[in-house]
Amino acid sequence: MSIPPENFKKPIHADGFMYFDLVMVNPEPWRVGPVSVGRRRGGGGIYPIVGRDQQLHAYEMAIKEQLREYQTFLLPGLYAAKYYFWRKRDIYTTPNQMQHRKHEADLTNIVKATEDACQEILFGNDRDCVWHHNYMMDQDADAVPRVVIGVTPLGVRPSPSEVMSPELMTALGIEEEVE
């Protein structure tokens with residue numbers, strides 16, 4: 001089912017970025033799915049099989065679903081991104097009937113899972129990201145789940161003097177290239 005253009009949400013434009021506010025999406029970290037082994041036919045060797053992590057897949061689908069509600073387009077080429085996360089650490093029951101709270105997740109893996117979910121919707125491939133800033137705003141039992149994604153296209157990679165202080169460039173022995 002496609003959404004009529006007049007019913008699309010509009011991204012928030014601020015600071016040169018387009019921001020997409022994904023409410024009630026609880027950030028999940030990237031992780032490897034369940035691993036098992038298979039055996040080749042005819043008595044051959046064994047090989048690993050990595051399945052899909054269902055919780056991670058549900059997070060990626062929630063990101064895609066909410067982004068599809070916006071008027072989005074694929075950013076061509078290089079881009080910069082900002083990510084803001086509010087993660088609710090729910091309590092759940094384990095298969096052994098024990099109460100357990102979700103662990104705190106590291107920001108790096110949450111960003112990776114989010115970038116993977118945005119591929120082919122906001123940008124072609126996350127390897128085209130030149131820089132990003134990431135913020136874990138809250139990660140607690142009473143946090144209201146939310147993901148805010150900001151993106152902006154870049155024509156070229158920034159030069160060192162655009163992103164480094166003169167003191168850092170001197171300390172690293174980096175000289176600005178003159179064209």
Side-chain angles (χ1 to χ4, degrees), residues 1-3 8-9 11 17-70 72-151:
M1 177 176 90
S2 63
I3 300 172
F8 276 118
K9 292 181 184 177
F17 281 74
M18 291 178 297
Y19 289 94
F20 302 89
D21 186 11
L22 312 180
V23 295
M24 300 310 292
V25 173
N26 200 25
E28 285 294 328
W30 184 92
R31 58 186 157 261
V32 175
V35 179
S36 61
V37 293
R39 182 170 293 282
R40 301 194 192 284
R41 292 187 180 159
I46 60 172
Y47 58 93
I49 300 171
V50 179
R52 176 188 304 180
D53 182 279
Q54 295 301 322
Q55 196 165 356
L56 177 59
H57 180 69
Y59 172 62
E60 290 176 351
M61 292 299 102
I63 293 278
K64 290 177 187 297
E65 182 179 312
Q66 284 209 27
L67 284 175
R68 285 187 186 107
E69 295 176 4
Y70 283 91
T72 62
F73 60 91
L74 276 175
L75 293 176
L78 304 176
Y79 69 94
K82 293 182 182 182
Y83 299 98
Y84 303 85
F85 301 102
W86 289 260
R87 183 168 188 261
K88 183 176 180 74
R89 293 179 49 225
D90 290 323
I91 295 175
Y92 61 93
T93 304
T94 67
N96 295 339
Q97 302 304 310
M98 301 291 292
Q99 293 292 304
H100 186 73
R101 180 176 305 283
K102 278 187 176 182
H103 296 288
E104 278 194 41
D106 66 278
L107 183 59
T108 303
N109 285 335
I110 289 177
V111 170
K112 178 61 181 154
T114 306
E115 285 178 324
D116 287 351
C118 292
Q119 288 189 143
E120 300 304 325
I121 293 181
L122 286 181
F123 42 80
N125 195 302
D126 58 357
R127 70 174 165 248
D128 294 328
C129 186
V130 173
W131 64 263
H132 52 81
H133 291 182
N134 314 310
Y135 304 92
M136 180 62 73
M137 304 306 292
D138 195 7
Q139 186 171 191
D140 207 343
D142 60 352
V144 177
R146 183 182 213 167
V147 176
V148 176
I149 301 167
V151 292

Within the side chain of [X], is there an N or O that forms a donor-acceptor pair under 3.5 Å with the backbone of [Y]?
| X | Y | value |
| --- | --- | --- |
| Asn125 | Arg127 | yes |
| Glu60 | Thr114 | no |
| Lys88 | Ala141 | yes |
| Gln119 | Asp126 | yes |

Between Ile63 and Leu22, is a side chain to side chain contact (heavy atoms under 4.5 Å, CB included) present by the stated rule, with each step listed? CA-CA 7 Å; Ile63 293 278; Leu22 312 180; 3.6 Å; yes

Any chance you could lay out the side chain to side chain contact (heavy atoms under 4.5 Å, CB included) test for Leu107 and Tyr135, step after step, and finish with the verdict? CA-CA 8 Å; Leu107 183 59; Tyr135 304 92; over 6 Å; no

Within 6.0 Å of CD1 in Ile46, more than 12 heavy atoms from elsewhere: no

For Phe17, the ring-ring contact (aromatic ring centres under 6.0 Å, His included) test, sequence neighbours excluded, returns Tyr19, Trp131

Phe85 meets the ring-ring contact (aromatic ring centres under 6.0 Å, His included) criterion, sequence neighbours left out, with none

Side chain to side chain contact (heavy atoms under 4.5 Å, CB included) assessment of Met136 paired with Ile110: CA-CA 9 Å; Met136 180 62 73; Ile110 289 177; 3.4 Å; yes

Under the salt bridge (Lys or Arg N to Asp or Glu O under 4.0 Å) test, which residues partner [X], sequence neighbours left out?
| X | result |
| --- | --- |
| Arg31 | Glu28, Asp53 |
| Asp116 | Lys112 |
| Asp21 | Arg146 |

Is [Y] close to [X] at the side-chain level, that is, under 4.5 Å between some pair of heavy atoms?
| X | Y | value |
| --- | --- | --- |
| Cys118 | Leu67 | yes |
| Met18 | Leu75 | yes |
| Cys129 | Phe123 | no |

For residues Asp128 and Gly77, report the shortest heavy-atom separation together with the two atoms involved. CB-O, 3.4 Å

Closest non-hydrogen atom pair between Val111 and His132, with its separation: CG1-CE1, 4.2 Å

Residues Asp106 and Asn109: side-chain donor-acceptor under 3.5 angstrom: yes

Assign the ring pair Phe20 / Tyr70 to parallel, tilted or perpendicular, where the plane angle (0 to 90°) is split at 30° and 60°. perpendicular

Would you give the length of the straight line joining atom [atom1] of [X] to atom [atom2] of [Y], rounded to the nearest 0.5 angstrom?
| X | Y | atom1 | atom2 | answer |
| --- | --- | --- | --- | --- |
| Asn26 | Gln55 | CG | CD | 8.5 Å |
| Leu122 | Lys64 | CG | NZ | 9.5 Å |
| Tyr84 | His133 | OH | NE2 | 9.0 Å |

Kindly indicate, with the supporting measurements, whether the criterion side chain to side chain contact (heavy atoms under 4.5 Å, CB included) is fulfilled by Asp138 and Arg87. CA-CA 6 Å; Asp138 195 7; Arg87 183 168 188 261; over 6 Å; no

Arg52: which residues meet the side chain to side chain contact (heavy atoms under 4.5 Å, CB included) condition with it, sequence neighbours left out? Gln54, His57

